[in-house]
Number of protein chains: 4
Amino acid sequence: MSTAKKTAKPAAVTPPPPARRRALLATAAEVFAAHGYDATTVRRIADEAGLLAGSLYYHFDSKESMLDEILSTFLGELWAGYDAVLAAGLGPRETIEALVTESFREIDRHRPAVAIYQKESQQLAGRPRFGYLADSQQKFEKAWLGTLERGVADGVFRPDLDVRLTYRFVRDTVWVAASWYRPGGHHGPEEIARQYLSMVLDGIAVRD
Amino acid sequence: MSTAKKTAKPAAVTPPPPARRRALLATAAEVFAAHGYDATTVRRIADEAGLLAGSLYYHFDSKESMLDEILSTFLGELWAGYDAVLAAGLGPRETIEALVTESFREIDRHRPAVAIYQKESQQLAGRPRFGYLADSQQKFEKAWLGTLERGVADGVFRPDLDVRLTYRFVRDTVWVAASWYRPGGHHGPEEIARQYLSMVLDGIAVRD
Amino acid sequence: MSTAKKTAKPAAVTPPPPARRRALLATAAEVFAAHGYDATTVRRIADEAGLLAGSLYYHFDSKESMLDEILSTFLGELWAGYDAVLAAGLGPRETIEALVTESFREIDRHRPAVAIYQKESQQLAGRPRFGYLADSQQKFEKAWLGTLERGVADGVFRPDLDVRLTYRFVRDTVWVAASWYRPGGHHGPEEIARQYLSMVLDGIAVRD
Amino acid sequence: MSTAKKTAKPAAVTPPPPARRRALLATAAEVFAAHGYDATTVRRIADEAGLLAGSLYYHFDSKESMLDEILSTFLGELWAGYDAVLAAGLGPRETIEALVTESFREIDRHRPAVAIYQKESQQLAGRPRFGYLADSQQKFEKAWLGTLERGVADGVFRPDLDVRLTYRFVRDTVWVAASWYRPGGHHGPEEIARQYLSMVLDGIAVRD
DNA sequence: AATGAATGAGGTTTCATTCAT
DNA sequence: CATGAATGAAACCTCATTCAT
């Protein structure tokens, strides 16, 4: 029956429009990540996606709006994960472990977006349209710095720690991983997180 | 006679005063670092330097040649320092300490160049003109990876270390510091190096 | 049966309901008049009409053909009115009065078309498709100029009149009214015509 | 002597930069007036001026800024003339005569600008950048309407005049002349003004 | 050394139009 | 009849680069 086809996949009816959009954004993200936002031409994205440059403008307002959608989508999912961790009431060490693990998971799922974020966010945060990048960065700092400080106060982390400096080192190292991480490689995100945490928490030197 | 000056140092006739060149390159590096190479217009550099865009071409062949000169100068000095460290015959731990300290010193002296290197090198390494970037990266990897491996073999570093992964983390953390480091701030390069080494070598967690 | 309807009026099958066409043209005319032909996008018209840009092409061949239909329809009705006046055998003054009155009536009924005509006709008259605009302008000139000349010859209009100049002034003032006239406002078209004729025929100065 | 050349034309030293600018603006104005602002391509202007489209951007920020400069320059000169007339303390009839004459003089000197103003000002007045167009229009209305009202009050103009309507007719007729006026033709601006004033003030009909 | 002006290639974006569904 | 997606031409604009002065 003709109705059978329509009722067969009712769940798929809900998100019908984003289908193409999402594919195009994925392509765009890949190219942005590989060549940098400025150096990426709209034509390059279109080529990669198999249509003409002008046709992209049926789906998106501008090159910038593609970037915007890529970054805001990523940050949305990132904060969903982070907020869950922060709401779990874990101790400082466990919170750091969970945040690091969550971060590498995000890199695994949104590698191009993370790479773009890493390279361009400082540049973009100034523009009004990307104000949410600055907001996110502030929340980010609050979450990490707060946890580190709590750890020092609780006697879990070394008392001589310069937390601000430590925060910067940890933050950068985690995200910069997006520049070399390849999904499906030797290590999954959890394995990488474990190695990284082992280094940061316990050091690479052999203990006396 | 006017010829006296010229014949006195015949070799110096071609590149008259490197003073201006250096100043212009410093300006260019600052702008490249702040906005990214692609996003930087020649006019912007010229504005910042107080002349017109076209006038820059009296001093340099092209925008790319400015970038080239900035990066190769930086890498030249970097390797002078690194080679000295590597030739000193230190133990693995001391070598790592010396390399990290040397790196932060370079960041202190060449912050814009390092920032540019960090952001653009992956992109540039492919082009023939910037082949030395890839070479440098290889030497770099060899130095660091070798030292880490030697440390593990010597029982100085933990035996369960994934040296490749560790190398990446360490490398990135060091260089990424160029994006937030401000010369003349709270900590000098040596202090930052010490903090960083303390974290990487001994971990941030309190020992039992 | 469904076929009954179709076979009932075979002649009407091709151009089914001019109702929709007319409504779409009215919308198009409004937008053309408000923003100018070139500055009007097909999408804007479609938006205003409540369908998608592509869908307009089911009804019309092109944007230009909409313009064409709007203008030719208008001119058709205009000349029906003018020809009736000119065939009535009135005296020069009465002819002028009737033409002016008829013109303001047309503005009342076809304001957008008149506004378009006013703004674009000089531009369009050159293109072959719109040759009828030039023809119309010639007929127009002949009718007005002829009447003015007749009036001077008959001693009804002042003998020192530069008829060509007068023609231009009168012609422009009448049609330019389309840019500010709003149907349903204070004055109806006949009232405006009366005021205008009073000014042009007798002047605004008080007679001695 | 070399100094002779420099001191020969000291007066020309003052306005050295606008030389090329003004010529380019004149060309642009001509093209805008002939084809309409929207329908005019930057390339067309460049072709007409004998350089490449991109080169225009050395002199102007944008197509819009050319339009802006054309219109604001014109309005500046127009109001210099109008203000002088209004400040002269003439009677209503003489003021109208002087304003009309001044207007035709402006058309004579700025024909393209007037034509552009006539065609595009209503469209542009809404945009913030061209707010001065709306301001000008208000001043304009105040000047003309006020004079007409004063004339009626003084018994110089007919008491049954609808001044608002009269204002519109007079205003349009004057400016619309820019669409057909050709400098250097049969009539100079003063002659046209005289003819026009004769029509408007005394009417075209023969007095009884 | 530097300026003013221009070039020419290429970038982003717009838009009338087409067409399978 | 209408939609959604795409095309392709052309528009505005940017920018590295050149060159006569």
Side-chain angles (χ1 to χ4, degrees), chain A residues 16-17 19-21 23-24 37-46 49-67, chain B residues 16-17 20-21 24 37-46 49-67, chain C residues 16-17 20-21 24 37-46 49-67, chain D residues 16-17 19-21 23-24 37-46 49-67:
Chain A
R20 191 75 213 269
R21 255 186 114 73
L24 291 173
Y37 174 71
D38 285 298
T40 297
T41 70
V42 163
R43 187 146 108 200
R44 181 73 187 266
I45 300 172
L51 40 65
L52 291 184
S55 307
L56 280 175
Y57 289 79
Y58 177 79
H59 301 278
F60 305 98
D61 284 344
S62 64
K63 183 184 169 187
E64 197 183 72
S65 83
M66 292 188 230
L67 178 63
Chain B
R20 190 76 209 270
R21 252 188 116 72
L24 290 172
Y37 174 72
D38 285 296
T40 297
T41 69
V42 166
R43 182 146 123 202
R44 180 74 188 264
I45 300 171
L51 39 66
L52 291 188
S55 309
L56 279 175
Y57 287 81
Y58 177 82
H59 302 277
F60 305 99
D61 285 343
S62 65
K63 182 184 170 187
E64 199 183 67
S65 83
M66 290 187 233
L67 178 63
Chain C
R20 190 77 207 271
R21 253 187 116 73
L24 290 173
Y37 174 72
D38 285 296
T40 296
T41 71
V42 166
R43 183 146 124 203
R44 180 75 189 263
I45 299 172
L51 38 66
L52 292 186
S55 308
L56 278 175
Y57 287 79
Y58 176 83
H59 301 278
F60 305 99
D61 286 343
S62 66
K63 182 184 169 187
E64 199 182 67
S65 81
M66 291 186 233
L67 178 63
Chain D
R20 192 75 213 269
R21 255 184 114 73
L24 291 172
Y37 174 71
D38 285 297
T40 297
T41 71
V42 164
R43 185 145 110 205
R44 180 73 187 265
I45 299 172
L51 40 65
L52 291 185
S55 306
L56 279 175
Y57 289 81
Y58 176 79
H59 301 276
F60 305 99
D61 284 341
S62 64
K63 181 184 168 187
E64 198 182 72
S65 82
M66 291 187 230
L67 178 62

**R20(B) to H59(B) - nearest heavy-atom pair and separation** = CG-CE1, 3.9 Å
**Item:** Dot-bracket line, read 5' to 3' along DNA chain E, where crossing pairs take [ ] and | marks a partner on another strand, Watson-Crick or G-U under 3.5 Å
**Value:** .||||||||||||||||||||
**Request:** Verify the contact: side-chain N or O of Y58(D) to OP1 or OP2 of dA5(E), cut-off strictly under 4.0 Å; return yes or no.
**Result:** yes
**Request:** Using side chain to side chain contact (heavy atoms under 4.5 Å, CB included) as the criterion, list what pairs up with S62(B), not counting sequence neighbours.
**Result:** E64(B), S65(B), R129(B)
**Message:** Just N and O in the side chain of H59(C): are any of them under 4.0 Å from OP1 or OP2 of dA2(F)?
**Reply:** yes
**Message:** Restricting to side chain to side chain contact (heavy atoms under 4.5 Å, CB included), what partner residues turn up for Y57(B), sequence neighbours left out?
**Reply:** V42(B)
**Prompt:** For L52(A) and dG8(F), what is the distance between atoms CG and P respectively, to the nearest whole Å?
**Reply:** 6 Å
**Prompt:** Hey, does L51(D) reach any base, or is it just sugar-phosphate, or nothing, if we go heavy atoms under 4.0 Å?
**Reply:** sugar-phosphate
**Message:** Quick check: on DNA chain E, is the nucleotide nearest Y37(A) upstream (toward 5') of the one nearest Y37(C), or the reverse? Name the residue that is more 5'.
**Reply:** Y37(A)
**Request:** Send over the distance from R21(C) CZ to dC1(F) P, rounded to a whole Å.
**Result:** 12 Å
**Value rounded to 0.5 Å, distance of CG in L24(A) from CD1 in I45(A)** = 9.5 Å
**Asked** Under 4.0 angstrom, heavy atoms only, what part of the nucleic acid is S65(C) near: base, sugar-phosphate, or nothing?
**Response** nothing
**Message:** Show the nearest heavy-atom pair for residues F60(B) and M66(B), with the distance to one decimal.
**Reply:** CG-CG, 3.7 Å
Can you name the atoms? Protein N/O to nucleotides 17-21 of chain E N/O, anything below 3.5 Å, with the distance.
{"residue": "dT17(E)", "atom": "OP2", "partner": "Y57(C)", "partner atom": "OH", "Å": "2.6"}
{"residue": "dT17(E)", "atom": "OP2", "partner": "K63(C)", "partner atom": "N", "Å": "2.8"}
{"residue": "dT17(E)", "atom": "O5'", "partner": "Y57(C)", "partner atom": "OH", "Å": "3.3"}

**Message:** Please enumerate all residues that pass side chain to side chain contact (heavy atoms under 4.5 Å, CB included) together with T41(D), with sequence neighbours excluded.
**Reply:** R43(D), R44(D)
**Prompt:** Rounded to whole angstrom units, what separation is found between the CE atom of M66(A) and the P atom of dT12(E)?
**Reply:** 9 Å
**Separation of atom CZ in R43(A) from atom C1' in dA9(E), rounded to whole Å** = 11 Å
**Item:** Integer-rounded Å distance: dT14(E) C1' and R44(C) CZ
**Value:** 15 Å
**Item:** Whole-Å distance separating the CG atom of D38(A) from the P atom of dT12(E)
**Value:** 10 Å
**Request:** Under the ring pair (Phe, Tyr, Trp, His ring centres under 6.0 Å) rule, collect the residues that match up with Y37(C), sequence neighbours excluded.
**Result:** F32(C)
**Fill in**
From the candidates dA1(E), dA16(F), dT3(E), the one with an atom nearest any side-chain atom of T41(B) is dA16(F)
**Asked** Rounding to a whole Å, what distance do you find between F60(C):CZ and dA16(E):C1'?
**Response** 15 Å
**Fill in**
Separation between CG (D38(D)) and OG1 (T40(C)), nearest 0.5 Å, reads 9.0 Å
